[in-house]
Amino acid sequence: MSTRTNSSSDTVFTGSFEGDLRRYLRGLGGLLAFLLVWWVGAVTTQPTYLVPGPLESAYAFVDLFATSTAIVVPILGATLVLPTGIAHLAQTLFHYVPGLLLGALCGISFGLAMGWNGTFDDWLRPLVRVLRPIPPLAWVVFAIVWFGIHHTGAAFIVFVGAFWINFYGAYGGVEGVSSELTDAASTLGVERDLSMLKLVALPSAAPQVLTGFRTSIGRCWMIVVGAELFGAPGVGYEIINASNNLAMATSVAYMFVISLAFLCMDVGFRLVERRVLAWR
């Protein structure tokens, strides 16, 4: 009996390993194909600086960490000397992180409140329909006037983008709570509206809320580049500055920096998400 069980387990493990290996090989093949197309496009484009090749971009990426740059930490006023690539990434994070977290907090709060309370929803739904179609970058002029060309203005733009993504994630999650769950909770003695929200609605809506936040992590990296167009320091500004000087390989190198930062944040959040939703 034991031998058969072990054989079955070995077969399952082997099949799983082979399936994962095939997926990784396909991913590697897709990456190599992309690099080949990129290289062909680079060597066939004139002037050559318009499309830097993979090797040029890789060299530019390494160069970002071969020099140092001094930056000032907001609020604290302390000066840090870091490798250039990390220094400019840190400048972006100074407004990306506050904008993302505050936007997510406010968006989730309003989404839960409107999705759960019909009266609150009736009051605010027309306002939401008016404001939602406005792109976050349309607020750039107001950010400059209200906060100036610095971290606060850029954080405000990121805040707007994060707010709406998380708002609809929470709103849709609470709105989709099954009436069977609320009826069962009422039968078990959950009568107060706040208790119902805490014990039933929030756990049921958690997958959509977390999906909304994960989506906002990526979308806000896109928004932050636009938010730095008006001069706020960071990776986005360096991309624009390098392209203005026709240093296109440097622009691509900073794109790599954004990509790596996003990948690290996305992988980290997925681990947190799995732990939080382990009950499923």
Side-chain angles (χ1 to χ4, degrees), residues 17 20-73 79-97 99-100 137 151 154 157-158 161 214-271:
F17 175 76
D20 290 341
L21 182 59
R22 280 195 295 268
R23 289 178 57 197
Y24 290 135
L25 290 176
R26 289 169 187 162
L28 180 61
L31 180 60
L32 292 175
F34 168 74
L35 290 174
L36 177 62
V37 172
W38 180 7
W39 177 79
V40 171
V43 297
T44 56
T45 300
Q46 295 295 329
T48 55
Y49 63 79
L50 291 178
V51 181
L55 285 178
E56 294 174 85
S57 302
Y59 291 145
F61 180 82
V62 173
D63 287 342
L64 293 182
F65 302 91
T67 58
S68 298
T69 298
I71 60 172
V72 178
V73 180
T79 300
L80 295 177
V81 178
L82 300 169
T84 300
I86 296 177
H88 293 310
L89 176 62
Q91 288 178 317
T92 292
L93 292 175
F94 290 153
H95 45 258
Y96 171 86
V97 172
L100 173 67
L137 295 181
H151 293 296
I157 303 300
V158 177
R214 185 183 173 193
T215 302
S216 68
I217 290 175
R219 289 288 297 276
C220 285
W221 273 112
M222 302 177 190
I223 293 170
V224 78
V225 174
E228 292 175 355
L229 284 174
F230 60 88
V235 175
Y237 175 77
E238 295 302 321
I239 291 175
I240 303 301
N241 187 48
S243 66
N244 288 338
N245 294 313
L246 298 181
M248 307 307 293
T250 302
S251 292
V252 174
Y254 278 113
M255 292 179 186
F256 288 159
V257 172
I258 291 177
S259 180
L260 289 174
F262 164 72
L263 286 174
C264 291
M265 294 180 70
D266 186 61
V267 170
F269 184 75
R270 287 184 66 181
L271 294 175

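Keep in mind that the numbers below use all heavy atoms, side chains included, and drop hydrogens, waters and symmetry copies. What you are looking at is a predicted structure, and each value in this text was computed from that prediction instead of being measured.
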Taking every non-hydrogen atom, the tightest pair across Leu50 and Gln46: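 In terms of heavy atoms, the two residues are closest at CD1-O, 4.0 Å.
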task: Can you sort out the partners of Thr67 under side chain to side chain donor-acceptor pair (under 3.5 Å), two or more places apart, ordered by chain and number?
output: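 For Thr67, the residues satisfying side chain to side chain donor-acceptor pair (under 3.5 Å) (neighbours in sequence not counted) are Thr84.
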- prompt: By ring-ring contact (aromatic ring centres under 6.0 Å, His included), which residues pair with Trp38, not counting sequence neighbours?
  reply: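 With sequence neighbours excluded, Trp38 shows a ring-ring contact (aromatic ring centres under 6.0 Å, His included) to Phe34, given in chain and number order.
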Any residue meeting ring-ring contact (aromatic ring centres under 6.0 Å, His included) with Tyr59, in chain and number order, not counting sequence neighbours: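 Partners of Tyr59 under the ring-ring contact (aromatic ring centres under 6.0 Å, His included) test: none.
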Side-chain touch Trp221/Val158, heavy atoms, less than 4.5 angstrom: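 They are not in side-chain contact.
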query: Counting N and O atoms only, with roles assigned by atom type, does the side chain of Tyr96 sit under 3.5 Å from a partner on the main chain of Gln91, one being a donor and the other an acceptor?
result: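 Between the backbone of Gln91 and the side chain of Tyr96 there is no qualifying donor-acceptor contact (under 3.5 Å).
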List the atom pairs, donor and acceptor, that lie under 3.5 Å between side-chain atoms in residues 249-268 and the rest of the protein, sequence neighbours left out.
from   : atom 1 : to     : atom 2 : distance (Å)
Ser251 : OG     : Ile239 : O      : 3.0
Ser251 : OG     : Ser243 : N      : 3.3
Asp266 : OD1    : Arg214 : NE     : 2.8
Asp266 : OD2    : Arg214 : NH2    : 3.3

Would you please name every residue forming a side chain to side chain contact (heavy atoms under 4.5 Å, CB included) with [X], sequence neighbours left out?
| X | answer |
| --- | --- |
| Val97 | Leu93, Leu101 |
| Thr215 | Ile165, Thr211, Arg219 |
| Val72 | Thr79 |
| Leu80 | Ile71, Val73, Leu82 |

Show me the side-chain donor-acceptor pairs of residues 223-236 shorter than 3.5 Å, one per line, residues at least two apart or across chains.
from   : atom 1 : to     : atom 2 : distance (Å)
Glu228 : OE1    : Val235 : N      : 3.4
Glu228 : OE1    : Gly236 : N      : 2.4
Glu228 : OE1    : Tyr237 : N      : 3.0
Glu228 : OE2    : Thr92  : OG1    : 2.9
Glu228 : OE2    : His95  : NE2    : 2.6

